[in-house]
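Data block below; observations after.
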Amino acid sequence: MSNDVHTPRGKRVPTSLAALALGVREGTIRQWARRGKITRYGTKHQALYDLNELTALVARESAT
């Protein structure tokens, strides 16, 4: 049995994989982070994004 509901964070991936997973450009991912729509994790030189957060954002925007 999985405890995904209680997991504090999902899998974090670099910008290129986040964009590929959602079918958007890398620039879109970066823009969402700058606008505060998603959280940027990682270091100064490598951004990481939470896949659960990204898919939730896309679901919300698709519903509107």
| said: Hydrophobic clusters here meaning ILVMFWY residues chained together by side-chain heavy-atom distances under 4.5 Å, can you tell me if Leu51 and Tyr49 are in one? | reply: yes
| Just how far is it from atom CG of Leu48 to atom CZ of Arg40, taken to the nearest 0.5 Å? | 8.0 Å
| task | With sequence neighbours excluded, tell me which residues meet side chain to side chain donor-acceptor pair (under 3.5 Å) with Gln31. | result | none
| Under a 4.5 Å cut-off applied to non-hydrogen side-chain atoms, are Ile38 and Ile29 in contact? | yes
| message | Could you check whether any side-chain heavy atom of Trp32 comes within less than 4.5 Å of a side-chain heavy atom of Leu22, counting everything from C-beta outward? | response | yes
| remark: When rounded to the nearest 0.5 Å, the distance separating OG1 of Thr39 from CG of Leu54 is 9.5 Å
| Under the side chain to side chain donor-acceptor pair (under 3.5 Å) test, which residues partner Glu61, sequence neighbours left out? | Lys37
| request: Taking atom types as modelled, find out whether Ser16 and Glu26 have a side-chain donor-acceptor pair closer than 3.5 angstrom. | output: no
